[in-house]
Novice: 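This is the structure I have questions about; it appears just below.
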Amino acid sequence: MSSQGQVSFRNIVKMHGEFAALKGVNFDIKPGEFFALLGPSGSGKSTTLRILAGLDAPTAGRVLIDDKDVTSTDARDRDIAMVFQSYALYPHMTVAENIAFPLEMAKLPKSEIAPTVKEAARKVKIDHLLDRKPGQLSGGQQQRCALARAIVRKARLFLLDEPLSNLDAKLRLETRAELKKLQRSLGITAVYVTHDQEEAMTLADRMAVFMSGEIQQVGTPAEVFARPNSIDIAGFIGNPPMNLVPARYVDGDVIIAGHRLKTTATTAGERDVVVGLRPGALRMTEGGLGARVDLIEDLGDTAVLDLDCAGTMIRMRVADGNIPGEGDTISITARPQDIHLFDPATRMRL
Amino acid sequence: MTAKRLRIFALLAISMMFLLAWAFPIIWSVLNSLKTDSDVLAYPPKLVFAPTLEAYRDVLFGSGSILPNLLSSVIISVGTTIVTMLMAVPAAYALARLRFRGKKFAGFYVLATQMLPPVGIIIPYFLVLRNIGWIDTYQGIILIYLSFSLPFAIWLLVSYFEDIPFEMEEAAYLDGASRLKTLWRIIIPQVRGGIAVTVVFVFLNAWNEFLFAVVLSGNTVRPVTVAMFNFVSVEQTLWAKLAAVSVLAMLPVVVLGVVAQKHIVKGLTVGAVKGGGRR
């Protein structure tokens with residue numbers, strides 16, 4: 001089962017007139033993997049998914065599924081199931097008819113369709129709604145119906161285009177957890193498009209981070225979080241995102257607002273850098289970088305402080321019970337291994 | 001409270017006036033069709049009279065029976081409607097969905113044909129039909145009606161097709177459906193309101209058409225609109241029979257309207273609330 005569903009993108013380019021939506025995209029997805037395409041809107045992640053589904057043709061490059069070139073194969077011959085952002089349920093059909101549609105198209109005998117539909121509906125807990133029309137369902141139920149329609153046929157690939165974005169916050173968290181369990185239990189390769197870094201971090205086995213038509217990093221969520229490849233990724237991943245502060249690098253140290261911090265770098269010399277500091281990696285200390293507390297956002301178990309370090313804004317996350325008052329002056333530092341260095345010109349990691 | 005009641009009363013009065021203006025000719029026709037010819041011509045008009053079905057008996061089973069003409073009208077209208085819909089549905093779908101060279105021009109051309117005054121093209125149509133020997137034939141008159149109903153039907157249907165989100169179709173392709181199957185199973189069921197509206201309009205236009213029918217046919221093919229004219233002659237007008245034929249000719253249209261009413265109302269409100277009409 002899990003030998004199916006391997007995907008490779010080879011130098012995929014997509015032009016919309018003069019505009020390059022994708023500028024040569026390469027990645028590989030392993031069978032059974034939950035793979036997220038993450039990026040801000042307009043970064044090319046949805047275009048990538050549509051090309052994989054066969055709904056759009058690439059301008060150049062090749063798409064391989066299970067080592068077979070499918071670049072010019074019709075969408076309906078690719079054996080791919082997809083959940084659309086709008087769900088795209090067929091409004092004139094009942095839930096049961098919606099779920100049965102892919103099976104009918106696959107010419108499954110009638111006697112097998114009914115139990116298969118029932119089973120898929122049971123997996124997403126809508127087996128009591130089979131006789132309803134989509135218009136009579138709540139948003140969450142419609143979403144489940146779309147899921148059931150996608151999993152009813154044992155397709156080799158399962159594509160999801162921002163499937164949770166139309167749900168309210170509470171339902172989104174619940175469904176997110178169920179989605180992950182469902183994918184695990186089916187053992188099917190899933191490709192998941194989202195602009196929500198938290199969704200990608202929690203769901204994906206690996207993810208590709210898109211920035212303006214290019215993949216800037218592929219890796220596990222932990223890898224991308226720990227070692228972001230570029231300033232753009234660093235500023236995109238994490239909540240609140242990484243502080244990115246212009247600074248001066250001198251012989252292994254960085255100088256921020258007149259204060260010297262040790263880094264893990266050992267190269268001699270002097271240059272301009274952008275220093276990345278995770279809000280959670282900063283700690284209070286004696287004799288560190290002086291900062292005035294401008295604003296406190298209390299999140300309950302933690303708080304986010306907006307700090308003014310001699311004109312440079314830095315955000316810091318502190319644990320409950322350790323919160324200074326607004327207007328207090330504190331002193332902060334970071335361990336060398338928590339200091340990320342980026343080149344301000346190329347915007348890449350140093 | 002009284003102001004509100006007054007407003008309702010005023011609204012009611014205005015509505016009644018409009019209703020009367022619309023309904024008067026029909027009521028008058030129905031009344032006249034039940035009178036004898038002498039009662040019709042009585043002055044002042046008789047509101048109390050002995051109703052008779054004589055006029056109906058005459059026009060249906062008399063020497064100048066209009067039954068063959070009603071049949072002609074049915075053949076022409078049904079034929080026009082069927083051929084129109086068979087061609088308009090795929091054409092409208094193509095105009096709404098596919099990207100092809102000259103699409104904009106095609107759309108404009110479709111609309112432009114609606115702007116021509118019919119009288120202006122009646123002579124060319126006559127010449128064309130005479131040259132191919134289709135004067136006074138069913139295929140000839142249906143062909144001419146198509147030239148008007150087809151652009152109209154396409155133009156009407158395109159907006160219904162455009163209302164259906166692309167993703168719906170893409171979902172069907174990924175579910176393994178071909179384009180034709182998608183059109184048949186997913187798209188058409190969702191535009192059935194629009195199709196009902198179009199069918200009614202096309203049928204109505206063909207049924208009521210007089211000008212082309214009287215010039216391009218008239219002997220072997222003589223729809224009821226043309227036959228009705230026989231009751232108007234130089235010496236006299238047979239008002240009771242004319243009224244009876246009018247009422248008979250109205251019936252199929254009324255029946256069609258009642259049957260399709262639900263769809264028509266639904267179809268006309270599509271777009272008022274986003275997605276509200278179809279879901």
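Source: prediction; values computed, not measured.
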Novice: Check the pair D175(B), R185(B) against salt bridge (Lys or Arg N to Asp or Glu O under 4.0 Å), reporting the backbone distance first and the verdict last.
Specialist: CA-CA 12 Å; D175(B) 283 346; R185(B) 291 283 309 270; over 6 Å; no

Novice: Kindly assign one of parallel, tilted or perpendicular to the pair F152(B) and W155(B), based on the angle between their ring planes and the thresholds 30° and 60°.
Specialist: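 Tilted.
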
Novice: I'd like to know if the side chain of E199(A) pairs up with that of T194(A) as donor and acceptor (distance under 3.5 Å, no hydrogens or angles considered).
Specialist: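 Short answer, yes.
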
Novice: Quick check for you: among M93(A), R153(A), H92(A), which has the greatest number of heavy-atom pairs under 4.5 Å with chain B?
Specialist: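 Of the options given, most contacts go to H92(A).
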
Novice: Does L86(B) CG have over 12 foreign heavy atoms under 6.0 Å away?
Specialist: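 Yes, enclosed.
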
Novice: Hey, what do you get for CD1 (I80(A)) to CG (L49(A)), rounding to the nearest 0.5 Å?
Specialist: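 It is 8.5 Å, given to the nearest 0.5 Å.
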
Novice: Which bit of A75(A) comes within less than 4.5 Å of chain B, counting heavy atoms only: side chain, backbone, both or neither?
Specialist: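 Backbone plus side chain of A75(A), per the 4.5 Å heavy-atom cut-off to chain B.
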
Novice: For residues R156(A) and I188(A), report the shortest heavy-atom separation together with the two atoms involved.
Specialist: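 What the structure gives for the nearest pair is O-CG1, 4.1 Å.
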
Novice: Looking only at heavy atoms, which of residues 13-23 of chain B get nearer than 4.5 Å to chain A?
Specialist: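 Listed by number: none.
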
Novice: Apply salt bridge (Lys or Arg N to Asp or Glu O under 4.0 Å) to residues R10(A) and D69(A) and explain how you reach the verdict.
Specialist: CA-CA 10 Å; R10(A) 296 277 173 264; D69(A) 191 333; over 6 Å; no

Novice: For the candidates P102(A), S86(A), A53(A), which exhibits the highest count of non-hydrogen atom pairs separated by less than 4.5 Å from chain B?
Specialist: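 The option with the most such pairs is P102(A).
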
Novice: Taking only heavy atoms into account, what residues of residues 115-127 of chain A are found under 4.5 Å from chain B?
Specialist: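 Contacts with chain B: none.
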
Novice: Would you call the rings of Y125(B) and F212(B) parallel, tilted or perpendicular, where under 30° means parallel and over 60° means perpendicular?
Specialist: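 Judged by the thresholds at 30° and 60°, the geometry between Y125(B) and F212(B) is tilted.
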
Novice: Answer yes or no for R149(A) and Y90(A): cation-pi contact, defined as NZ/CZ to six-membered ring centre under 6.0 Å and angle to ring axis within 45°.
Specialist: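 Yes - R149(A) lies over the ring of Y90(A), closer than 6.0 Å to its centre and within 45° of its axis.
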
Novice: Looking at chain B, which one of Q85(A), K133(A), E104(A), Q136(A) has the largest number of heavy-atom pairs inside 4.5 Å, strictly under?
Specialist: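 Looking at each option in turn, the highest pair count goes to E104(A).
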
Novice: Do R192(B) and Y160(B) meet the cation-pi criteria used here (NZ or CZ under 6.0 Å from the six-membered ring centre, within 45° of the axis)?
Specialist: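 R192(B) over Y160(B) ring: no.
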
Novice: Take a 6.0 Å sphere around CE of M87(B) and say whether it holds more than 12 heavy atoms from other residues, nucleotides or ligands.
Specialist: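 12 or below, so no.
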
Novice: Report which part of R50(A) has an atom under 4.5 Å of a heavy atom belonging to chain B: side chain, backbone, both, or neither.
Specialist: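 R50(A) touches chain B through side-chain heavy atoms alone.
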
Novice: Out of curiosity, L38(A) CG to I215(A) CD1, how far, rounded to the nearest 0.5 Å?
Specialist: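 Between L38(A) CG and I215(A) CD1, I get 11.0 Å after rounding to 0.5 Å.
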
